[in-house]
Every structure is written in C-alpha cells, then in structure tokens.
Amino acid sequence: MSDSTLAVTERVVRTIADVALENEFYFAELDGVVGDGDFGLSLANGFRKLMDEWDTLDRSSPGTFLKKVSMIITSRVGGVSGAIWGTGFMRAGFAAGDKAELTADDVIAMLRAAEEGMKKRGQSDVGDKTLLDGFIPAVDELERVLKSGGSTQEALDAAAVKAREQTEVIKPWIAKRGRAAYTGERSMDTYDAGSIAVAVMAETIAASWPEISNP
Amino acid sequence: MSDSTLAVTERVVRTIADVALENEFYFAELDGVVGDGDFGLSLANGFRKLMDEWDTLDRSSPGTFLKKVSMIITSRVGGVSGAIWGTGFMRAGFAAGDKAELTADDVIAMLRAAEEGMKKRGQSDVGDKTLLDGFIPAVDELERVLKSGGSTQEALDAAAVKAREQTEVIKPWIAKRGRAAYTGERSMDTYDAGSIAVAVMAETIAASWPEISNP
Amino acid sequence: MKKLMNDPKQFVPEMMKGIELANPGTIKYVPEYNLVMRADAPNPNKVSIVQGSGSGHEPAHIMVVGKGMLDGACPGDVFSAPPMDYVVESSKILNSPKGILHIVNNYSGDRMSFEMATEMLDMEGVTVKTIFVDDDVAVQNSTWTVGRRGVAGNFFVIKAVGAAAEAGASLDELVELGKKVNSRLRSMGMALTGCTPPAKGKPIFTLEEDEIEMGVGIHGEPGRARKKLASANEIADEMLEAILTDRKPIPGGDDREEPIFHEGDEVALMINGLGGTPISELYIVYGHVHEELEKRGIKIWRSYVGEYCTSLEMAGMSITLCKVDDQLKELFTAPAEIPIRVF
Amino acid sequence: MKKLMNDPKQFVPEMMKGIELANPGTIKYVPEYNLVMRADAPNPNKVSIVQGSGSGHEPAHIMVVGKGMLDGACPGDVFSAPPMDYVVESSKILNSPKGILHIVNNYSGDRMSFEMATEMLDMEGVTVKTIFVDDDVAVQNSTWTVGRRGVAGNFFVIKAVGAAAEAGASLDELVELGKKVNSRLRSMGMALTGCTPPAKGKPIFTLEEDEIEMGVGIHGEPGRARKKLASANEIADEMLEAILTDRKPIPGGDDREEPIFHEGDEVALMINGLGGTPISELYIVYGHVHEELEKRGIKIWRSYVGEYCTSLEMAGMSITLCKVDDQLKELFTAPAEIPIRVF
Ligand SMILES: Nc1ncnc2c1ncn2[C@@H]1O[C@H](COP(=O)(O)OP(=O)(O)O)[C@@H](O)[C@H]1O
Ligand SMILES: Nc1ncnc2c1ncn2[C@@H]1O[C@H](COP(=O)(O)OP(=O)(O)O)[C@@H](O)[C@H]1O
Ligand SMILES: [Mg+2]
Ligand SMILES: [Mg+2]
Ligand SMILES: [Mg+2]
Ligand SMILES: [Mg+2]
C-alpha cells in the first residue's frame, strides 16, 4: 500500500458504495425471488446516506472513519442489512483501533473481526446460505494468498474468484436466515442476494485495485 | 253476543292465532319482498307461545285475559311486531277493565284504545303504509255499520271488505315505517305484510262469526 | 363467514358467559333474560341503571356494566332489540327503592320494547324512568327513522348518570342529567366494510373496494350517501362539518335547534372504532379532528379513542363530540370499574 | 386496500402525532426518532424503560407508554424493526442515572437494531441492559427463526418491570424480573385473515374462506400449519394444548425445559385480538379457555380480554398464559396510566 492507509480505506469504502448504488435494483430483484425484495433498496439507502455525509466524516484515523461509516449505514436503515453491514464496518473499525497505518496482518484481523461481528449479530454461520457464505471463504482465500507470499492484487483476485464461486455453491441450498428462510424449500435453486452483492464488490475492488492503491 | 263475552273473546283470539300460524310463511314471504322477511315468523312465534300456555291463562275477565295474551305475545318476540301486536291486545284489555260482559260500544272503545296504543307505540299513523292502514279503516267501518243499526255479522263483513280493499289502496305507496321503509322507493307497488295479515284475520273472523258467537 | 364462534345461536350466550367468567365476583350472568349485571346489584341506596339494545355492539352495553356505569344490560340477539320480557324481568331483578333508570338508544325496536316494559313494570309498581339517546346527526330526516338514531354517544350518557347514581342522585335528577348529556352530544359514523351477523351468515351489505357508506347506522343501515373512498382527513372533515353545523329537529315541528358547538367551548372527543378498524387508524383520524377543532377555537378537554359502540367486525369509525361543563367533567372522570379494561 | 389514512408514508407519524394530541401533558412525540415518550421522562430516580419493534402492533408499544409502563417506544415503520439510531437517540433522550432497560421482542430485525444500539450506547457511556421476550410456542423449531418469537405476552413483561421501576428497582433487579416473567409466559396465535401494510397496499398473505393459519406470527409469518376453519372451541383447544404441553428449547442444546403449567397453578389469562376480530368473539374464546383451564385445576387469577398486540386489521387472536405468584400479582395490579384506556 503506497498511498496513505486512510486514503486507501476511503477508496475501498467508496467502491463498495458505488457497487451498492449501481446495483440497487438488481440486488432487490434477486432478493425478491424468495425474500421480500428489500435488500437492494435497504443497502442503497444506507450508502446513499453515506454519500450525502461523505465530506463531513471524522477522518482522524482509518478506524474512526470506518466506525462513522458504520453509524451512518445502520442509522435509518432498519432490519437485517443495516445491522449486518453496519456491524461489519464497526468491528473492522474497532479492530483498527487508532492506528494511522495498517499492515496486511492488521487488515486480515479487521476482516476477521467483521466476520465474527456479523456472525454474532446475525446468529448465523457458514452453511446458512447468507452473505457469510461468500464473505468468509473469500477472506480465507485472501489470507491464504497473502500468507503464502502473494501480492495484494493476487490475493484480491483469488478472493473475488472464490466469492463468485460460492454464489453457485450455495445456490441449491435452503436458506436458513433472513426472510428468504420463511419460504423454506422454495429458496432452493435461487441465488442469495447478499452473497451476490459480496461477489460483485470483491470483483470490483480487485479490478480497481490499481487505482485504489495508487490513484 | 249470545255466548259469554269471555268465551267469545277467547274464540276471537284463537281465530287470530290460527291465521298467524297457518300463514307464517306466506306473511314472511310478503315481508321479504322489501322488508327483512321476519314478520310472519315473529308473529307466529308469539302466537305459538300463546297456544303453548293457552290453558294456563288467567281468565278472571275478558280484559285480564287480553292483557295476559299481550304479555305472552310480547315476551320473547323482539322488534316491531311483538310490540305493536302486544300493545293492541294490552290496550284493548285495559279498556275492557274488569267488566265481565262487554257491549258493542265497549268493543268499539277497546278497538279504538288498541288503535291509539299501536299508533303511539309505532310512532305511526294512517298513511305510513303499515297495518294501521288496514286496521283503522276497518274499525271505522265496523263502527259505522253498528251505529247505523247493522248486525254484528254485517259490521264484521263490511270491516273485512274494507281491510282487504285497503291492502290494494296502499300498495302503490312508499313505506314510512318498519324495515320496509329503509328501502325507500323500492317499497312502491308491493303489498304491506302487516295489512295483509289484518285483512286475512278480519275475513276469517267475519267468516267464522257464526261459530265464534254461537258454537 | 369467518368467525371465532361455535353455534351461531349460542353466540350471544357464550359471549355473556365469557364475561361472567372473566369477572368473577363483580359480574353475574342471568341466562334466562340475557342479563349481564353487577354481582352486587341492586343497591337499595342507588338508582339501578339498565340498558338494552341489540348485541353486536360490544363493548356496548354488556361490557360497561359495573361500579359507576350500568347495573345491568339485557340485550337482544345480534342487532335485535331485547324482547320486552327481558327488560321487565331484568328490571325486576335490579329493582331498587330509589327506582330504575332505562337508557335506550333511539331505534324503533328498542324504544318499543322498553316502552312496553315500562307499562308492564308500572302495573307491577316498579318505578321506571327512561332516557332516550339520539346523538346521530347522519340521518337528519325522520322519514326513514322515527327521530335520530342513538349511537356511540350513549357511552357519555351512561358514564355521567352512572357516576351520579353512585353518588346518590335521585331518579328525577338522573333523568335531567341524562337529557342534558344527550342534548350536548353529536355523532356521525362511516363504514369501509359491511359486517356479518352470525345467524345470518352473509354480510348485511357490501361496499366496493373504493366505496364507503357515509353516515352509516350501527346495524349497517344506510346513512347519507354511498361515496368514493377518500383520505382519512377528507372523510373526517365531512363528518366533523356535519356535526358542527348540525341543527337538531325540534320534536313535533318543522323547526330546528341552533348548532351547539361554538368557539370557546370545551368538548370530549371520541373516535370510536366500529370493530374491524385498527386503533392506529383511529389515532390518525383523532389527530386531524383534534387539530381542526382547535383551529375553530373548540378546546379538546379529553380524548376517547378506541372501541365503544361497534357493529361486529365492520371496518369504519364514528366521531362523537360532547360539550362539557364542570359538572360533566367531574362525572366523566369519576372512577368506574367495568369488564372492558386494560389491566 | 381500504384504510383510514392519508399518505401511506405518513401512517406511522400521523398516528404518533394523534397519540400526542390525545394525551396532552402526559405523552410527547419526537418525530425525528419515531419516539413516543412520557412527557415527564427521564426521571433520575427511576430506570427508563424503552421498547422498539415494528409499528402495526398497536396498542403495542406506543400506546403503553406512561406511568407504570414504558418510558418510551421508538418503533420502526409498519412491521419493520426500528433503525438503530432511533434506539440510540431515544435511549439518550431517556437516559437516567439509574440506567436504561430495553425490552425487545425476539425477532431478528429487532434484536439486531437493539444489540447494535447497545454497543453504540456503551461506547457513549450510557448504561443499557436488555430483556428479550420469546413467549410464542407456535414455532418450536429455530430453523425459521432464531429462537422463538416475542408476541402479546410482552405486555406482562412491560407491566411487571414498569411497576417495579416505578417503585425504584435497580436495572439489575429489573433484568432479573423481566427474565422471570418471560420464563413464565407462553403464547400462541391464529389468523382468520391476512392484513395489509399501508405502504405495501396488498395483503401479506391470503386465506381461503374455510382456512386459518394456526400459530401465525404477528407480522403474518407462517405458523405451524394452514388448517380448515373449525369451531372456536376446537381452535382454542388446539392452542391451549400447545401452550400447556410446551417444552421450551434450552438455548445452545438439543434439550427442552419441562412444561411450566401444573394443577394448582394460578395464571393470568389473556385473549388478545389481532386487530380485526370483535371483542364479542374474544369473550367466546375466553369463556371456553377459562373452563378448560379450571378443569385441569389451573386457576385463572385475572383475565385480560382485548387488543394488546395486533397485526393491523388481521382477524384472529392469540392466547397467553402467565403463571403468577404474589410478586407478579402485586406488580400486575399496580396502578398505571397509558394512552390506551376506556375513560
Ligand atoms: N441472519 C443473517 N445473518 C447474516 N446474513 C443474513 C442474515 N439474514 C439475511 N442475511 C443476508 O442478507 C440478505 C437479505 O438482506 P435483507 O433483505 O435486508 O434482509 P431480510 O432477509 O430480513 O429481508 C440475504 O440475502 C442474506 O445474504
Ligand atoms: N312503526 C310501525 N307502526 C305500525 N306498524 C308497523 C310499524 N313498523 C312496521 N309495521 C308493520 O309491521 C309489519 C312488519 O313487521 P316486522 O317485520 O315484525 O317489523 P320490521 O319492519 O321491523 O321487520 C309491516 O308490514 C307493517 O305493517
Ligand atoms: Mg429482504
Ligand atoms: Mg320485518
Ligand atoms: Mg341494536
Ligand atoms: Mg414488528
């Protein structure tokens, strides 16, 4: 990471937000097949609010910045998505503490903290056919590549591929969490909206990493 | 009246009851055209109860007897019919006082008392397209024939003809009382169930007068 | 017809039995006369207050029996006036040396049963007087009903005379008081849907998806007009206007009284649910009516939002205004204990 | 969709405004956070009690705010959990030196909002503890929900902790008390019809004319089974059986607790209307359940018949039993003053 960590963090969050806003109706449609169709809209609402307040955010450290992001996303966005995504950002922010610069190990620790937070918040784990089934294997992959000496770009690419693969792996499953779970067997053979979102975000971050890290 | 007044009174009431019971469904059907169809059933229920208790009625005088008839008819028969018919019998009973024998003048006075009671109870009068449009003109006719020296049979025959005529006279009218009135103009050109009942009863009493007065 | 019930014929008796069981020691049910009464009535030092009318309007009136309200209610079957002998026998059971007060909603059937019962009771030496409630401004013209109808406003009459009776008022004082409350009451209702009497099994009327019945009676009788569904505010505005500009016909003449609500008046404001409308919607209406009245300089002294006089599961509501003074304020807030309660 | 409303988006705010207007001096509405609060809160000598959950369940919970009950309720939109910052800001407004108690119905969305809010509040030095209510026995299996749902029984939790807080109990004592009440509560519901959230405009589910949803959730979520309409007694029997034989899963294991109601126990019995069912039908159910319990030697200490936790205009009802002891009896009958009242 050659630019300042804060700037990179900002650009990662910005990329995630762009994906959420550009795919508002696509994600909603996916959630509508067996869920209640609110996912894309809820997510976009949260990130739209983030964009509105973007310039005023406290940027004293990457951790503080992420905590503010969390608070905006969760505010005014009821239900699962606000809580799950907000928790992810908040736990990552906590894990970063007030460090100004973050190492690869720090980033892995932040992602693991986000993972733990979302599991606890959602009372869910891998196997429940949620975004965790995309997120956790992707983080595993990221860690594996980095630990085995790969570059950040290589690690991100591997994580994105994994996230996308997972959307197909879990497609035949029965959803066990969220509104989709209410439909029981009807949720079989449908994509999970949350993990599709994770895949698109991972792919977009990987693809834009050159500009994100070195604008 | 050659038999005792009490016996004649009993047989008149009995004749009315027979008409109500025999015509239960016919009267109900008439009321069903624009009313709510309960008239025949309500009336029959009241007189059925009367028949059940017939043997136990207090017969110390014609007046007392009529008051007991009233109480039975009104008991357990809710709504207009119980009240209107019960009031008729009660007022007639009151007017008879505790006299053992009743003159023609007494009978006219009893019928007029019944008429006044029903008008007051129903907050109604001739012209409202109710049984009063049959009952009152029929009593007028009875009084006219008796006062002008006619026999009881002649008077009853004239009253019955009048009651029947009136059912046709009021047929084109708009009902102003009872449930039929709720239908407004739809009540035009339909028979009023209550005045048909009055006509059938008047006709039956006139036709059976020989047996009623002299069994 | 979808109802929580067993035998339609047992609808009213089973409900009454339920009320008795839910209120041990305070409420007694006398099945012979459809009578729900205070277990401690009659009280020889208090006028006994009895109300009839049809069933299907719950909590009116069997669930407003209790200390400070009715001594007994003896309704008929659903939407049917009580047979006269229910009224006679109930009144005899509740007879008090201070007399019996009947409160009657001005419907022909109810009137007739109570009037006949009064004559019977008079003959038997029971002292009875009657208050008629006719608060419904919807049907101004007495062609289709004999006088106006009595609807949810009867709650205020019962509350006032109930409290006064508890404080020892005489029968004549209660009649005066009841007339006073009734003269200060105006109501109007509207329906979004019909309702289905259990024994009938079919709705008594149906409305299209975009229709309402404005001025509906509490048995689903027609009101002023069948109209297009409008916003809650528009609907409430029309009803409020009818109430505020109402000029009650003077009995026996062609003349009408002047409107009774004026700037500076204080009122009790009731938004009454007809049975199928959730309380959330009632508060939406309440908020608007409150603000409209305040705009006109009429002060809301106290609110009553909920179900007071219903038509089975009919969706809809009625608005009642009662002009209060110090006497009524005191009576309306006096303690009372009835089956319908939260805690 | 036939509703008394104006703009669907203003459904909840207009209702809240109505509640404020109807309760001047006692209830305050804070539009920014959908907060309905006691006008005199926070009280520094008392723990403040806050409840969230979605709207559409009225009178739960915005209409049970008041002395002896909640200090505030900050619901989300109809059937949506409150956004976290409503909970955070409402809790800050109501913050008391004695702490804040959150009462949460165990629905995922509600849980998540309140848990996140607690973390935020912790960071800001506000002391918060939480009671989760999960009284619904219908859905035993936690596959479709994370644990059981919290439904009408929450009224008893609020009543108990509300009364204890008024008497000065500490935050920890209230948490203990709340857990105790929740452990003695069992509920089950059923629907005769669906209901229509204002913003959605279409029923969330529909039932055939001869169908019921047995074990329905308070947002119309599926219950145990879609069944044929049966008599009130049969329906009540099935629900009562489920409640009486219920063995609550022990968290984190495959084991289950023993049934909690036994011969000789005393219970509070609630028959709760879901919004569109008239109170007459609720008393028919009440009467039967009362008799069935007495047959089993379970004594009804007190009855609660009416609407406590609804699903908009859904027709149907739920049964709640709460096993009482001397402590709970005293708390349940302690005085309380809330918007939902008769007089
Ligand atoms: N309990 C949970 N834990 C983690 N992720 C969840 C959970 N419930 C739902 N999700 C994810 O969120 C997505 C749906 O979000 P959203 O539509 O906002 O929630 P809801 O299912 O309550 O409508 C799902 O596709 C799934 O990936
Ligand atoms: N107010 C009234 N006064 C006198 N007679 C009436 C009155 N209302 C109805 N009737 C008579 O009663 C008959 C209907 O009786 P019934 O069906 O029992 O009453 P309702 O009209 O209330 O259903 C009518 O045909 C009419 O003749
Ligand atoms: Mg969704
Ligand atoms: Mg009829
Ligand atoms: Mg009636
Ligand atoms: Mg909810």
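Convention: sequence-line order gives letters A, B, ...; per-chain numbering from 1.
Checking side-chain atoms of D:K2 against main-chain N and O of C:I212 turns up no donor-acceptor pair under 3.5 Å. The main-chain N or O of D:S231 is never found under 3.5 Å from a side-chain atom of C:N6 such that the two would form a donor-acceptor pair. Put simply, the side chain of C:E313 never gets that close to the backbone of D:T277: no donor and acceptor are under 3.5 Å apart. Distance alone, capped at 3.5 Å, is enough to place a donor-acceptor pair between the C:E281 side chain and the D:L4 backbone. C:E209 places a side-chain N or O within 3.5 Å of a backbone atom of D:M1 that can act as its donor or acceptor partner. Looking only at distances, a side-chain donor or acceptor of D:Y308 sits under 3.5 Å from a matching main-chain atom of C:V342.
Closest approach of D:L312 to C:P278, counting heavy atoms only: O-CB, 3.7 Å. In terms of heavy-atom proximity, C:I338 sits nearest to D:F343 at CD1-CZ, 3.5 Å. Nearest heavy-atom pair, C:A22 versus D:S303, reported as atom, atom and distance to 0.1 Å: O-OG, 2.7 Å. The shortest heavy-atom contact between C:Y283 and D:P339 is OH-O, 3.7 Å. Closest approach of C:L229 and D:K3 over heavy atoms only: CD1-O, 4.4 Å. Residues D:E14 and C:I284 share a closest heavy-atom pair of OE1-CG2, 3.5 Å.
With a 4.5 Å cut-off on non-hydrogen atoms, D:M314 does not touch chain C at all. Heavy atoms closer than 4.5 Å to chain C are found in the side chain of D:K17, but not in its backbone. Looking at D:M270, there are no atoms closer than 4.5 Å to chain C (heavy atoms on both sides), in backbone or side chain. Proximity to chain D involves both the backbone and the side chain of C:A336, based on heavy atoms less than 4.5 angstrom apart. Neither the backbone nor the side chain of C:P13 comes within less than 4.5 Å of any heavy atom of chain D. Using a 4.5 Å cut-off between heavy atoms, D:I235 contacts chain C through its side chain alone, with no backbone atom that close. Of the two parts of D:T310, neither the backbone nor the side chain holds a non-hydrogen atom closer than 4.5 Å to a non-hydrogen atom of chain C. Using a 4.5 Å cut-off between heavy atoms, C:R341 contacts chain D through both its backbone and its side chain.
Here D:H290 is the residue among D:H290, D:E58, D:E307 with the most heavy-atom pairs under 4.5 Å with chain C. Across D:K159, D:M317, D:M5, D:M16, the residue that shares the most heavy-atom pairs under 4.5 angstrom with chain C is D:M5. The greatest number of non-hydrogen atom pairs below 4.5 Å with chain C, out of D:G276, D:S280, D:G316, D:G273, is found for D:S280. Counting heavy-atom pairs under 4.5 Å between each of C:G275, C:A232, C:G287 and chain D puts C:A232 at the top. Top candidate by heavy-atom pairs under 4.5 Å with chain D, chosen from C:G18, C:A334, C:P335, C:G56, is C:G18. In terms of heavy-atom pairs under 4.5 angstrom with chain D, the leader among C:Q10, C:E234, C:E211 is C:E211.
When the heavy atoms of residues 292-301 of chain C are compared with those of chain D, none of the residues falls under 4.5 Å.
Open room surrounds NZ on D:K9; 12 or fewer heavy atoms of other groups in view lie less than 6.0 Å from it. The neighbour count for C:E330 CD, taken as heavy atoms of other residues, nucleotides or ligands under 6.0 Å away, does not exceed 12.
Between C:L21 atom CG and D:H288 atom NE2 the span is 12.0 Å, to the nearest 0.5 Å.
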